[in-house]
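Structure first, commentary second.
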Amino acid sequence: MAILSSSSFSLFPTHQFQTKKHTRLRRDLTSNRAVFIKNRDCLINRSLTDSNIQLRRLIESGDLVNSVKLLHQSGKQDIDPRTLCSVLQLCADSRSLKDGKEIDSFIRSNGFVLDSNLGSKLALMYTNCGDLVEARRVFEQVRIEKALFWNLLINELGKVGDFSGSIELFKKMMSFGIEMDRYTFSCVSKSFTNVNGGEEFHGYVLKSGFGDCNSVGNSVMAFYLKKKRVESARKVFDEMSERDVISWNSMINGYIDNGLAEEGLSVFVRMLCSGIEVDLATLVSVLAGCVDSRLGRAVHGIGLKACLGQEDRFCNKLLDMYSKCGDLDSAKIVFAGMSDRRSVVSYTSLIAGYAREGLAGEAVKLFAEMEEEGISPDVYSVTAVLNCCARNRLLDEGKRVHEWIKENDMGFDMFVSNALMDMYAKCGSMREAELVFSEMPVKDIYSWNTVIGGYSKNCYANEALSLFSLMLEEKRVDPDERTVACLLPACASLSAFDKGREIHGYIMRNRYFSDRHIANSLVDMYAKCGALLLARMLFDEIASKDLVSWTVMIAGYGMHGFGKEAIALFNQMRQAGIEPDEISFVSVLYACSHSGLVDEGWRFFNLMRYDCKIEPTLEHYACIVDMLARTGNLLKAYRFIENMPIQPDATIWGALLCGCRIHHDVKLAEKVAEKVFELEPENTGYYVLMANIYAEAEKWEEVRKLRARIGRRGLRKNPGCSWIEIKGRVNIFVAGDSSNPETEKIEAFLRGVRARMREEGLSPQTKYALIDAKEMEKEEALCGHSEKLAMALGILSSGHGKIIRVTKNLRVCGDCHEMAKFMSKLTRREIVLRDSNRFHQFKDGHCSCRGFW
DNA sequence: TTAGGGTTAG
């Protein structure tokens, strides 16, 4: 077959035609000369061909050792080049490089002419024995005619990862005018797949005229699929004149592998309708695309009909499918049916299934059972069991696995290290996670994202941000969408508006906004940094909003005290056909409680229970209690808690305690406080809250007793602390702090504000000072509250028009709240204060919380 | 063309 039609050479300059003609001429001359020499040698040494015959016998019996020995004893005249070809073939077959090299040196030292035949065998020997450098050298010395030998070397170079070498040889083959065959394209396709670009591969195939060949078409499909160009692969698939089971399987697998399960399944259905017989690979691919076990069961049936029920790979994939679909009963049936054919793969699938369903005990038990069965865990099963510990917060179990990993020297595996760090991070042990991270010689994107996300979730926001900076500095691994998604919650928790904006810039430069995960966390970040309008603008830009998008925006309105807006958005979400879940109900209930919308709150609570059939959790109950308590319905709240179908926790009673403080009900507070102290005896916040209630009622003796109680328990009050970001630097203040270099200015400013307040008849809210002393001292203590210091620094250090954004770790104090209102009017500055509970937006002497805090 | 494992938002 004329493989390379003349048109195929249009890829090369016209002088190629001359080269081809000349080489053919040279080849003919060389070959004639070889025949001449061979005949001459045979004539001279006719009597000595015995050793040649003997050698052939040895080769035929596969005795390479004696063949080489005999060859060494013989002279050039004894040996026919065809015999050399046979012995080289034997070396190639037995992968014996040492013998092969000896024969090569025999050939060279005896001056044998390296013609295409002998050269081919020499190249084959080197190719098969893995000395690809020598193999390529032979190709440079001799013109090898048969495509087979080129294909083998092209293939081997690709296999060892020398993709450019493989493509170079392919191009040389083409320029030499060697007739290619269909295998040539299969052999080189892997190399084109693995280099950047490689787009010309399809062009070569089309020009070679092999485009119609089924196996070549399959290679082109594989090429596009590896490059994740599923649509291009589909075009090749659609244009194929004939498709074999491999073509169908590739297309199905290509879709499913690239997350397009529906398309993959529709090709599978078409395959079934076309009457093509499915095989093991078809079903293994299809099972990977089954996201619900009903469909998977149908494929299970097809597999049984196709007599694949006993195939290990089919069973393992079935097991994995059922386990991923959450149908553990079916998974267990398959597992039971495998009895003695269970491998570490089967165990891993079921362990991972248990882990996903939160059945940590079962997962750990199965892991132990596997070891008892004599099947040793490998990196996959260890990763699966670590993941199980991570999801179920099993720190002790995870630590035991870590010990096992150390004993069995498995720590080198990146998957294992990453899973270990994730386990520690999810169990809150960031120090351990850090240690694993620091010991990793090579870190990939998962490693960085895991630790950054771990810091972020464990309230080490600053550490998360610095690790991200280090990642950018080191430049070994580029951040991706997930890095940013890990990072934004850190900015959100710190209220680090400027940092968040910087990351927003990074997101826009890298076009990450189209990723909904990113867009949602960006909206959440801005809402939590107090930039509600910005959050809303971005929310409006999200093209296809999901439940999380709506929920973060609803929660954003809620925490800023825009209850009505939150409710409107919740209704809009339902109109858009998105069903609320338990978290979105928490957001809307929280919004109702923070805006004093009692009727609406009840309406949503009932809607959730009776229409959406969502069982309320502690969080929902806490919102209702909070809503009732804030609005002064203290007894209603108390009765509500008593009638709860689930056990109330400290947060629930704590919400009522807060209500008691707002409405100055000391008696009820005492009753509630005892319940809270019993439930969370170590939480100092509740003692402080109760002490405040006493202080506000001026019951100083009770304050003293409570203080003593705190002291006896060895508890220390969590110090109030506020911070403000100025020019990218976070300034932190604790109460009475004078460490800031601007302290003098800050104090003078606050004194001035206080004086102006007094002039306008606003006296300090000294009840909040919590100090039983003379009024003056109290006033001074108030002046030192951390949020006032931070706000003052903000006003003094930032340009007019810039919003002052302050964050406090506890609830804002009443006096600071009054003063902030006054300062916003006096200085005509907008102040956004985020406390542990919500946002306060101070403008023109008013606060957005309207007293609900 | 062919089995199992690791990182993201409310």
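Hydrogens, waters and symmetry mates play no part in the numbers below; they use all other heavy atoms, side chains included. So that the names make sense, note that chain A is the first sequence line, chain B the second, and so on, each numbered from 1.
Counting only heavy atoms from C-beta on, A:Tyr446 has its side chain closest to B:dT7 among B:dG10, B:dT7, B:dT2. The nucleotide whose nearest atom lies closest to any side-chain atom of A:Thr383 is, among B:dT8, B:dG10, B:dG5, B:dG5. Of all nucleotides listed (B:dT8, B:dA9, B:dG10), B:dG10 comes nearest to the side chain of A:Ile583. Checking B:dG10, B:dT1, B:dA3 against the side-chain heavy atoms of A:Ser250 singles out B:dT1 as nearest. Distances from the side chain of A:Ala281 to the nucleotides B:dA9, B:dT1, B:dA3 place B:dT1 closest. The nucleotide whose nearest atom lies closest to any side-chain atom of A:Val284 is, among B:dG10, B:dG5, B:dA3, B:dA3. Counting only heavy atoms from C-beta on, A:Asn520 has its side chain closest to B:dA9 among B:dA9, B:dT1, B:dT7. Nearest to the side-chain atoms of A:Val345 among the listed nucleotides B:dG4, B:dA9, B:dG10 stands B:dG4.
Among the protein residues, A:Asp444 comes within range of the nucleic acid bases, having at least one heavy atom under 4.0 Å from a base atom. Residue-level contact check: A:Lys426 touches the backbone only, with heavy atoms under 4.0 Å from sugar-phosphate atoms and none from bases. Counting any heavy atom pair closer than 4.0 Å across all strands shown, A:Asp480 reaches no nucleic acid atom. Here A:Asp413 lies in heavy-atom contact (under 4.0 Å) with a base. Residue contacts shown for A:Val484 are absent, as no nucleic acid heavy atom lies under 4.0 Å away. At a threshold of 4.0 angstrom between heavy atoms, the contacts of A:Leu547 include nucleobase atoms, whether or not backbone atoms are also involved. When heavy atoms are screened at a 4.0 angstrom cut-off, A:Val379 is found touching base atoms of the nucleic acid. When heavy atoms are screened at a 4.0 angstrom cut-off, A:Asp546 is found touching base atoms of the nucleic acid.
In terms of the ring-ring contact (aromatic ring centres under 6.0 Å, His included) criterion, residue partners of A:Phe201 (sequence neighbours excluded) are, by chain and number, A:Phe192, A:Phe223. Partners of A:Phe539 according to the ring-ring contact (aromatic ring centres under 6.0 Å, His included) rule, which considers only residues two or more places apart in sequence or in another chain, are A:Trp550. For A:Arg393, the salt bridge (charged side-chain N to carboxylate O under 4.0 Å, His left out) test picks out no residue, with sequence neighbours left out. The side-chain contact (heavy atoms from CB on, under 4.5 Å) search around A:Asn510 returns A:Tyr506, A:Tyr512, not counting sequence neighbours. Annotation: side-chain contact (heavy atoms from CB on, under 4.5 Å) contacts of A:Ser346 (sequence neighbours excluded): A:Asn316, A:Leu319, A:Phe335, A:Met338, A:Arg342, A:Ser343.
Protein atom CZ of A:Phe570 is 13 Å distant from nucleotide atom C1' of B:dG10, rounded to whole Å. A straight line from CG of A:Leu386 to C1' of B:dT7 spans 14 Å, rounded to a whole angstrom. What separates OH of A:Tyr526 from C1' of B:dA9 is a distance of 16 Å, to the nearest Å. Distance, A:Leu328 CG to B:dG4 P: 17 Å, rounded to whole Å. In this structure, A:Ile445 atom CD1 and B:dT7 atom C1' are separated by 8 Å, rounded to whole Å. Per the geometry, CD1 belonging to A:Ile507 stands 17 Å off P belonging to B:dT8, to the nearest Å. The distance from atom CG of A:Asn316 to atom P of B:dG5 is 11 Å, rounded to the nearest whole Å. Distance, A:Leu308 CG to B:dT2 P: 16 Å, rounded to whole Å.
Scanning all heavy atoms of the two residues, the minimum distance from A:Glu357 to A:Gly326 falls at OE2-CA, 3.4 Å. The shortest non-hydrogen separation linking A:Val236 to A:Gly217 is CG1-O, 3.9 Å.
Between A:Phe604 and A:Phe570, the gap from one ring centroid to the other is short of 6.0 Å. Side-chain rings of A:Phe268 and A:Trp248 stay apart, their centers remaining 6.0 Å or farther from each other.
A:Asn387 has a side-chain polar atom (N or O) that falls below the 4.0 Å cut-off from OP1 or OP2 of B:dT7. At the phosphate of B:dA3, neither OP1 nor OP2 sits under 4.0 Å from any side-chain N or O atom of A:Lys324. Close to B:dT7, at under 4.0 Å from its OP1 or OP2, lies no side-chain N or O of A:Lys443. Contact annotation: A:Lys317 reaches the phosphate of B:dG4 (side-chain N/O to OP1 or OP2, under 4.0 Å).
Aromatic stacking is not marked for A:Tyr380 over B:dG5, as the cut-offs of 5.5 Å for the centres and 30° for the planes do not both hold.
DNA chain B lies under 4.0 Å from at least one heavy atom of each of the following residues of residues 346-358 of chain A: A:Thr348, A:Ser349.
Side-chain to base pairing of A:Asp581 with B:dG10: one donor and one acceptor N or O lie within less than 3.5 Å of each other.
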